[in-house]
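Note that this is a predicted model, so its numbers are computed, not measured. When a ligand or atom number is given, it counts from 1 through the structure's own listing order.
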Amino acid sequence: MKFEGRDIISIRDFSREEIDYILKIAQAMEPLAQKGSDMLKGKILATLFFEPSTRTRLSFEAAMHKLGGSTIGFAEAEIASVRKGENLADTVRTVENYADVIAIRHPLEGAARLAAEFAKVPIINGGSGAEEHPTQALLDLYTILKEKGTIDGLKIALVGDLRYGRTVHSLAYALSNYNVELYLVSPESLKMRREVLEEIRGKIPVTEETDITKVIPQLDVLYVTRIQKERFPDPAEYIKVKGSYKIDLELLGKAKKEMIILHPLPRVDEIAPEVDGTSHARYFQQVWNGIVTRMALLALILGEVK
Ligand code: NCD
């Protein structure tokens, strides 16, 4: 296994063995996230975010700082030279002179892969359109492992916008490496992308469902997502599916006591605030897990952890 110098573009580029190793290093990062370290002193991370973000960008930056490194970048492409018409390849070939690693989020599918073709430094995909979000999938897996002690043997549902949501694409690919049963719960028009479904169906049992009440009693993990309003070509289509699922106390009355709820956040109205105080809710712990997972990734690709 070699991580040094590697790009993180798609979760499909990683084997189960490699994913398990990343999760192990994430766990080893927990004490360093508490007390800090100078492991990446002198290293610079650039964050190029062409789309809105709170958690992904800030947790990459926090991860870098906790390991003693520093960060540069922009969170608003409107103020960068992109506004003057600079293309992605030129932006990347410029920024690689300033940084040892680049995290990029872009509205277009394939953008991170394109950036990696031009860059001499490693590129981390922080979200490429509706396609993938590999580092989110890793922190999701880390959260499941930490909370449940295992990933194998679990029954897991991905709920909400399985068509335009990129986190569920990466997570479905990632979970297909494990011995899990997957339920894909969405409105008809927001079903899982066919290419993802075809690939994972060959590896694990998958059930598609529109009615969440049918699957909730057997679940160990409920992974809820936001309907991705901004990715709908037609606003009328969004209105039809808006508010399709609402996780509330009444629905949770049908769930196992130990079932955990995850959400990549931001949430809109798909999880009622009354759920936050229940023993099911783990979405804010998940945010913390994003830091240690990203610390692990940075340390591995910068060659400080072998
Ligand atoms: C997600 C994203 O940007 O894909 N957020 C995140 O990174 N945690 C989910 C979303 O926007 O709904």
S.K.: Quick check: are there more than 12 heavy atoms from other residues, nucleotides or ligands sitting under 6.0 Å from NZ of Lys256?
M.R.: yes

S.K.: Would the number of heavy atoms belonging to other residues, nucleotides or ligands and lying under 6.0 Å from CD of Glu250 be above 12?
M.R.: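 No, the 6.0 Å shell around CD holds no more than 12 heavy atoms from other groups.
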
S.K.: Determine whether the side chain, the backbone, both or neither of Leu265 has a heavy atom under 4.0 Å from any heavy atom of ligand 1.
M.R.: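 Contact part for Leu265 vs ligand 1: backbone (N, CA, C, O).
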
S.K.: Under a 4.0 Å heavy-atom limit, does Glu51 contact ligand 1 with its side chain, its backbone, both, or neither?
M.R.: neither

S.K.: Any side-chain donor-acceptor pair under 3.5 Å between Thr47 and Glu61?
M.R.: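 There is such a pair (donor and acceptor under 3.5 Å, judged by atom type) between the side chains of Thr47 and Glu61.
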
S.K.: Quick check: does Thr167 get an N/O under 3.5 Å from an N/O on ligand 1?
M.R.: no

S.K.: Report the member of Arg267, His263, Glu230, Arg166 with the shortest heavy-atom distance to atom 3 (O) of ligand 1.
M.R.: Arg166

S.K.: Would you indicate whether Glu17, at its atom CD, is surrounded by more than 12 heavy atoms from other residues, nucleotides or ligands within a distance under 6.0 Å?
M.R.: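 No, not enclosed.
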
S.K.: Give me the residue, atom name and distance of the protein heavy atom closest to atom 11 (O) of ligand 1.
M.R.: Arg226 NH2, 2.9 Å

S.K.: Near Thr56, which atoms of ligand 1 are under 4.0 Å from a heavy atom of that residue?
M.R.: 6 (C), 7 (O)

S.K.: Any donor-acceptor pair under 3.5 Å linking the side-chain atoms of Arg294 with those of Thr135?
M.R.: yes

S.K.: Closest non-hydrogen protein atom to atom 8 (N) of ligand 1, residue and atom name please, with distance?
M.R.: Pro264 O, 2.9 Å

S.K.: Just wondering, more than 12 heavy atoms not from Glu188 lying within 6.0 Å of its CD?
M.R.: no

